[in-house]
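What you see is a predicted model, and the numbers here were worked out from it, not measured in a lab. In what follows, every chain begins at residue 1, and chains take the letters A, B, ... in the order their sequences are listed.
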Number of protein chains: 2
Amino acid sequence: MKSSVDGTLAALADPTRRGVVDLLRERPYRASEIADAMATSRPAMSRHLRVLRKTGLVEERELPEDARVRVYQLRQKPFTELRSWVEEVEAFWSDQLQAFKAHAEQRRPRRP
Amino acid sequence: MKSSVDGTLAALADPTRRGVVDLLRERPYRASEIADAMATSRPAMSRHLRVLRKTGLVEERELPEDARVRVYQLRQKPFTELRSWVEEVEAFWSDQLQAFKAHAEQRRPRRP
DNA sequence: ACAGTCGTGAACGATTGGGTTAACTATTTC
DNA sequence: GAAATAGTTAACCCAATCGTTCACGACTGT
């Protein structure tokens with residue numbers, strides 16, 4: 001029973017990768033630009049980008065006029081799924097019964 | 001420049017801790033119940049709960065009629081903040097200029 | 001007072017994850 | 001064809017993390 005947000009959260013846990021996501025909010029960037037912007041080496045960034053790719057957070061495309069460069073862009077789906085999950089958690093507080101639930105444990109008999 | 005979602009994402013990256021959050025969506029639980037539900041040892045769960053506490057995802061309270069047991073409950077704030085961040089990222093696609101941005105890199109001159 | 005329960009803390013071992021440097025491939029440029 | 005560039009892969013090191021077991025302090029019930 002493994003949720004779809006599983007990989008997403010793991011990918012976003014790393015501050016460098018979250019920085020990449022924040023950078024790509026602006027526009028697509030090429031791999032080397034991302035590495036420079038985050039002040040990390042290209043091999044290190046290459047592996048971060050692979051993680052982001054495998055979890056579907058970004059997609060890569062080739063630059064038509066120069067087949068060496070890879071341009072990275074955000075993908076929508078995992079973020080939508082993550083927001084869904086967060087909203088489900090937030091439903092905890094909008095629930096009418098929440099106040100009751102909060103005290104359910106306190107009213108519990110000592111030895112059930 | 002460290003975002004507030006930083007700790008939140010790190011805390012949620014662990015599947016056990018995310019499972020705890022999913023469990024607590026239902027109602028507050030005591031520490032030992034959480035450990036049992038997640039099928040992990042109590043010391044291990046104790047440390048997970050400490051992480052969740054320090055990042056503000058849960059709060060602990062004492063059971064009035066038995067000062068030994070600690071009841072854990074979700075806190076709203078970090079989830080709201082996380083949703084905010086996700087929504088900011090999602091704004092990427094609702095942006096009118098997004099289609100243009102997507103191609104900006106492609107149209108880039110070879111040697112700027 | 002004593003035995004049992006709840007939860008935490010400490011010490012150990014194993015695994016994972018990220019960074020670095022050094023090749024290596026593919027492509028472009030002259 | 002030779003040199004330069006973009007990016008990835010590979011091999012290694014280090015630090016952080018998670019689980020386990022054992023011990024402890026706090027509290028409870030008889």
Side-chain angles (χ1 to χ4, degrees), chain A residues 6-21 23-24 28-55 57-73 105-106 108-112, chain B residues 6-21 23-24 28-55 57-73 105-106 108-112:
Chain A
D6 222 22
T8 302
L9 287 167
L12 293 174
D14 181 82
T16 300
R17 286 193 291 262
R18 228 200 49 257
V20 171
V21 169
L23 178 67
L24 292 184
Y29 277 89
R30 21 177 106 182
S32 54
E33 288 176 322
I34 300 174
D36 293 349
M38 297 285 109
T40 67
S41 70
R42 293 169 191 218
M45 185 52 70
S46 180
R47 281 180 29 214
H48 282 305
L49 290 172
R50 177 167 51 185
V51 172
L52 292 171
R53 230 184 300 128
K54 289 204 169 179
T55 54
L57 288 163
V58 304
E59 64 189 349
E60 132 195 319
R61 66 171 195 276
E62 219 178 51
L63 203 54
E65 66 261 30
D66 187 341
R68 289 174 300 180
V69 343
R70 316 264 169 107
V71 179
Y72 285 90
Q73 180 177 358
E105 181 67 23
Q106 289 184 359
R108 215 180 200 226
R110 292 197 191 181
R111 300 273 186 68
Chain B
D6 222 24
T8 303
L9 288 167
L12 294 174
D14 182 83
T16 299
R17 287 193 293 262
R18 227 201 49 257
V20 172
V21 169
L23 178 68
L24 293 183
Y29 278 89
R30 22 177 104 181
S32 53
E33 289 176 322
I34 301 174
D36 294 349
M38 297 285 111
T40 68
S41 69
R42 292 170 192 215
M45 185 53 69
S46 181
R47 281 178 33 218
H48 282 306
L49 290 172
R50 176 167 53 182
V51 172
L52 291 171
R53 229 185 300 128
K54 288 205 169 179
T55 54
L57 288 163
V58 305
E59 64 189 351
E60 133 196 320
R61 65 169 195 278
E62 218 179 51
L63 202 56
E65 66 261 29
D66 188 341
R68 288 173 301 178
V69 344
R70 317 266 169 104
V71 179
Y72 284 91
Q73 180 178 0
E105 181 66 22
Q106 291 184 357
R108 216 184 198 223
R110 291 198 192 181
R111 302 275 188 64

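Here the P atom of nucleotide D:dG7 and the CD1 atom of A:Ile34 are 9 Å apart, to the nearest Å. Atom P of nucleotide D:dG25 and atom CZ of B:Arg70 are separated by 15 Å, given to the nearest angstrom. When rounded to the nearest whole Å, the span between CD of B:Glu62 and P of D:dT28 equals 8 Å. We find that CG of B:Leu63 is positioned 10 Å from P of D:dT28, with the value rounded to whole Å. Between A:Asp36 atom CG and D:dG7 atom C1' the separation is 13 Å, expressed in whole Å. Atom CZ of B:Arg30 is separated from atom C1' of D:dC27 by 13 Å (rounded to the nearest Å). Rounded to an integer number of Å, the gap from CD of B:Glu65 to C1' of C:dC6 is 14 Å. Atom C1' of nucleotide D:dG7 and atom CG of A:Asp66 are separated by 11 Å, given to the nearest angstrom.
Here A:Thr16 contributes atom OG1 and A:Leu23 contributes atom CG; the two are 12.0 Å apart, rounded to the nearest 0.5 Å. Atom CD in B:Glu65 sits 11.5 Å away from atom CZ in B:Arg68 (nearest 0.5 Å).
Comparing atom distances between the A:Ala67 side chain and each of D:dC27, C:dG7, C:dT28 picks out C:dT28 as nearest.
A heavy atom lying under 4.0 Å from DNA chain C marks the following residues of residues 41-53 of chain B, by number: B:Arg42, B:Pro43, B:Ser46, B:Arg50, B:Arg53.
Within the 4.0 Å cut-off from OP1 or OP2 of D:dA6, not a single side-chain nitrogen or oxygen of A:Ser32 is found.
Residue B:Thr40 is classed as having no contact, given no heavy-atom separation below 4.0 Å to the nucleic acid.
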Check residues 40-51 of chain B and write down every donor-acceptor pair under 3.5 Å in which the side-chain atom is one partner and the other belongs to a residue at least two apart or another chain.
unit_1: B:Ser41; atom_1: OG; unit_2: B:Ala44; atom_2: N; d: 3.3
unit_1: B:His48; atom_1: ND1; unit_2: B:Arg17; atom_2: NH1; d: 3.1

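Contact annotation: side chain of B:Arg68 to base of C:dT5, donor-acceptor pair present below 3.5 Å.
End-to-end axis angle for the helix from C:dG7-D:dC24 to C:dC30-D:dG1, using five pairs per end and rounding to 10°, comes out at 30°.
The only member of A:Val71, A:Val20, A:Leu52 that meets side-chain contact (heavy atoms from CB on, under 4.5 Å) when paired with A:Ile34 is A:Val20. Shown are A:Arg61, A:Arg53, A:Arg30; of these, the side-chain hydrogen bond (donor to acceptor under 3.5 Å, both in side chains) with A:Tyr72 is made only by A:Arg53.
Two residues are said to be in side-chain contact when any heavy atoms from C-beta on lie closer than 4.5 Å; B:Leu57 and B:Leu12 meet this criterion.
Smallest separation of non-hydrogen atoms from A:Ala10 and B:Ala13: CA-CB, 4.1 Å.
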